[in-house]
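To start, the structure itself, in structure tokens.
We count ligands from 1, going down the list as the structure has it; atoms in each ligand are counted the same way.
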Amino acid sequence: MPVPISQAWTVASYVLKQKLKGRKQYPLVLMLEPLYRCNLACAGCGKIQYPAHVLKRELSPEECFKAVDECGAPTIAIPGGEPLMHSEIEKIVEGLVARKKYIYLCTNALLLKEKLGLFKPSKYLTFSVHMDGQKGHHDFSVCREGGYELAAEGIQEAVKRGFRVTTNTTLFDGADPTSVRAFFDEMMELGVEGMMLSPGYSYDKAPDQKHFLGRARTRRLFRAILSNRKPSWQFNQSMLFLEFLMGKRDFQCTPWGMPTYSIFGWQKPCYLLQDGYADSFDELMKETEWAKYGTESNPKCANCMVHSGYEATGVDYTFSSLRGLWETAKATLFTKNEDPEALRLLNEPVTPIHSYNPLVQIESSANKLEETRA
Ligand code: SF4
């Protein structure tokens with residue numbers, strides 16, 4: 001089961017209500033960024049390159065609640081920055097639990113063990129721990145030796161104390177599919193409820209611009225990883241989105257599906273691009289030129305297959321027709337996805353990034369804006 005029944009029911013009834021109201025553009029997950037400060041400096045991150053005065057700022061709990069109430073989405077993801085470094089994170093979580101919102105607190109877990117006492121286990125609160133792969137790969141990806149062990153300890157402690165815990169994994173070019181599959185075994189053994197996956201997005205501000213995946217390479221990588229699936233692996237996300245990543249279906253982006261609110265306001269148009277800010281959620285929805293975005297409409301979107309743009313498309317598709325419901329039920333119940341060609345892909349030699357690039361490259365090069373064919 002990808003998510004617990006009570007959560008799936010809350011999301012399903014919310015989406016059906018939007019459909020009954022005839023609302024074509026509705027938010028599914030609010031990406032609430034209460035700060036950009038972090039205790040890591042990951043090579044693929046576009047957030048922590050802000051100047052010091054921006055990194056010092058935080059949204060207050062009241063500002064967070066106002067944004068959550070304006071938006072109305074049933075699920076709140078709290079990325080950042082590192083939310084556990086927010087000076088009032090426990091008040092934010094408490095206020096959201098009181099509003100019966102399903103919260104994914106996205107953390108690198110370096111502080112998780114130390115801060116767990118601030119929170120109470122609840123069906124509404126999930127720690128979504130950033131883990132990018134097995135030890136060598138994760139430590140390279142977050143540019144921190146020992147990061148994997150610290151995060152794994154945090155996960156185990158949180159599971160032991162009765163919290164819901166998932167992982168979120170961003171995959172970049174050079175990811176070894178066999179190692180990623182072994183990593184899934186490791187995470188399930190740590191006791192996580194489920195895993196979330198996404199390819200990375202090429203942020204202009206990220207220091208390492210060399211290892212972002214193009215669309216064709218993304219499909220090939222996810223086909224190798226997610227075909228011939230083990231029954232023990234659980235994924236805490238839309239099964240149709242996973243099929244999209246594997247190249248089994250084509251989706252268009254839903255940029256309003258996961259709107260972002262941060263210290264700058266409501267970000268236009270999505271979590272990944274910054275084409276200005278709106279003062280209110282209503283203004284964001286009414287004044288953003290949505291037609292300017294998406295794979296075929298904008299060079300900045302050409303290679304994007306990121307969950308914040310496409311997962312909402314999968315959820316909307318599920319509830320748009322009986323066919324959508326049937327296809328989702330099939331994808332949820334029959335997860336094996338047998339594919340002999342994908343097994344062959346697992347045997348192809350891979351050169352892990354950290355074997356030839358032990359240091360993060362801080363310089364930035366020109367972005368490729370066309371969809372990558374290879
Ligand atoms: S395709 Fe990606 S970058 Fe473009 S609007 Fe959608 S989510 Fe944002």
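Set against the non-hydrogen atoms of Tyr310, the atoms of ligand 1 under 4.0 Å away are 1 (S). When each atom of ligand 1 is checked for a heavy atom of Cys304 under 4.0 Å away, the hits are 1 (S), 2 (Fe), 3 (S), 7 (S). Atom numbering of ligand 1 starts at 1 in the shown order; those under 4.0 Å from a heavy atom of Tyr293 are 5 (S). Proximity to Cys253 (heavy-atom distance under 4.0 Å) selects the following atoms of ligand 1: 1 (S), 5 (S), 6 (Fe), 7 (S).
Taking the six-membered ring for Trp and the full ring otherwise, the centers of Phe235 and Phe184 sit less than 6.0 Å from each other. Taking the centre of each ring, Phe119 and Phe127 come in below the 6.0 Å mark. Taking the ring centroids of Phe183 and Tyr148, they lie at or beyond the 6.0 Å cut-off. Taking the six-membered ring wherever Trp is involved, the centroid distance between the rings of Phe244 and Tyr310 falls below 6.0 Å.
Protein heavy atom nearest atom 8 (Fe) of ligand 1, with residue, atom name and distance: Cys270 SG, 2.4 Å. Atom 4 (Fe) of ligand 1 has its closest protein heavy atom at Cys301 SG, 2.3 Å. Annotation: atom 7 (S) of ligand 1 to nearest protein heavy atom, Gly309 CA, 3.4 Å.
Defined by atom type and a distance below 3.5 Å, a donor-acceptor pair is missing between the side-chain atoms of Thr166 and Glu193. Ser87 and Glu58 are linked by a side-chain donor-acceptor pair at a separation below 3.5 angstrom, with hydrogens and angles left out of the test.
Contact annotation for Tyr271 and ligand 1: no heavy atom of the residue comes within less than 4.0 Å of the ligand. Only the side chain of Leu273 comes within contact range of ligand 1, with a heavy atom under 4.0 Å; no backbone atom does.
Asn168 places no side-chain N or O within donor-acceptor distance of the main-chain N or O of Met196, the cut-off being under 3.5 Å.
Residue Leu272 places a heavy atom less than 4.0 Å from ligand 1.
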